[in-house]
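What you see is a predicted model, and the numbers here were worked out from it, not measured in a lab. Residue indices begin at 1 and follow the sequence shown.
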Amino acid sequence: MEQEKNKTIVDRIWDFLASVKLAIIIFALISLTSIVGTVLEQKGDPAQNMEILAKLFGQSLAPSLYSIFFTLGFMDMYHAWWFIGLLIMFSINISICSLDRLPGIWKLVREPIAPVSEEKLKKFQINREIVLKGNPEKVRDTVSAAIKNIRFRFMETREENGYQFYSQKGNYSRLGVYITHFSILIILIGAIIGLRFGFSGFLNLPEGAVSGVAFSGKDREIPLDFEIRCDNFEVTFYGKSDMPKEYKSWLTVIKDGKEVLKKSITVNDPLTFGGITFYQSSYGLVPNSGGKGIFILNAVSSDGKASALNLRFGETFQIPGTDITGRIIDFSPALRIDEHGHTFTYANQMNNPSVLIDFTEGGKNKLTGWILKRYPETWHLPGGHRVEFLDYWGVEFTGLQVRKDPGVWVVYFGCIAMSVGLFVAFFMSHRKIWVKLVEDKNTTRVLIGATSNKNRAAFERKIDTVIASLNKKPEGGK
């Protein structure tokens, strides 16, 4: 109590910052706020975040909660001063915790092992005793070989009534927790570098369009130092359902007017150029694009003559080698036919793109019908002819998440260091062993004492193997 009263203000601040309780509180705050930041879309559409809150807490509470979260900066929390402050506070706490405890641990690590008395040896966590026939000189080699079999390199001391072997291994494993602390600092530094010098934005890029900027929020443009073009975008679905199976974009990077990189990306396979990564994140129809795209068809006659077609709405084409002419007169991004045979558009996405084509021959109407892109059986015409609907290009945009994170390699290094630290901390231990040979009336008492700071049971099993091997020797136990 007296010692507590004599502490200076600096000592009290040091104790506060070195507190494990403080570490738990800060870590809990970081975890809880990160959950909120994960649920709410960062820099996202307010209506979308309002919808998320309404689903979680109900329509009545959603506006109030949105207002509170917005005021506290949760809509861009990873750049908020308080979140960065928590990271810095956590870094300071870990650093001071480590510095406060390191001298004691370092003393244990560097402390050499030395012979001990019989009384002290018997007080160790692990102790065994066995009596062997013969004097210590006779059993010495047998005992030392048994110790080497459990992978200990021992030192030896000649004593009044015999010998003593002693050894330790894994003393540096006590530093595993400090490697882990160091790795956390590295990861936090990497995260702060990413927050300070990187960015996270988005880009809705229509098919055929080129952009040299990404966007953050509604208005902020982020120059890319190069241009990126969407050559094509395509969605595939599971079977006949409307559940998307894969989004795929074909992108081209243009630098100083030259195409320098082409790559198709999917959700888990992004494109990276100049330290900026483009992730496939969403898609949609370009507003007011109806009738402005290009229909990519392939007309095939009954005798196999084919003609690749790129047509706009209202244009005509001819089945190769015939007098049959087709004209696109209608389009639906998602066509459905009800039980009465009536057609209607059921979604504003390209879930089931279809074209209505009017076929004439010699100026007379021959057939008018819908051709559905996802249903090849609708491509066949009377007389064995076929019109394949391959794509409707130029009406969809690919939604790209655009990120630059110069701290990512620092974070990766921190993760590797953390893996090493956790392995050392949890799977390695500091083990010490002493073996004393004491002559006693033409026999030798073998006393074994050992300690382990972790996984004591496994070490005891090793000691038992030493005892078992000594019992099996010709000069073994009585």
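The line from NE2 of His79 to OG of Ser216 is 7.5 Å long, rounded to the nearest 0.5 Å. Here the straight-line distance linking atom CD1 of Ile187 with atom CD1 of Ile416 works out to 10.5 Å at 0.5 Å rounding.
Between Phe397 and Phe233, the gap from one ring centroid to the other reaches at least 6.0 Å.
With hydrogens and angles disregarded, a donor-acceptor distance shorter than 3.5 Å links the side chain of Lys454 to the backbone of Met428. A donor-acceptor pair is defined here as one N or O able to donate and one able to accept, closer than 3.5 Å; such a pair exists between the side chain of Asn352 and the backbone of Leu335. Between the side chain of Lys169 and the main chain of Arg151, a donor-acceptor pair closer than 3.5 Å is present. Distance alone, capped at 3.5 Å, is enough to place a donor-acceptor pair between the Ser281 side chain and the Gly399 backbone.
A cation-pi arrangement is absent between Lys404 and Phe197, since the terminal nitrogen or guanidinium carbon is not both under 6.0 Å from the aromatic centre and inside a 45° cone about the axis.
Under 3.5 Å, the side chains of Lys262 and Thr252 contain a donor-acceptor pair of N or O atoms. Remark: the Thr157 side chain and the Tyr166 side chain contain an N/O donor-acceptor pair separated by less than 3.5 Å.
Summarising the local packing, CD of Glu160 is surrounded by 12 or fewer heavy atoms from other residues, nucleotides or ligands at distances under 6.0 Å. Heavy-atom contacts from other residues, nucleotides or ligands closer than 6.0 Å to NZ of Lys123 number 12 or fewer.
Ring geometry for Tyr163 versus Phe165: interplanar angle under 30°, hence parallel rather than tilted (30 to 60°).
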Going through the checks in order, is the side-chain contact (heavy atoms from CB on, under 4.5 Å) test met by Leu108 and Asn171?
CA-CA 8 Å; Leu108 286 175; Asn171 41 336; over 6 Å; no

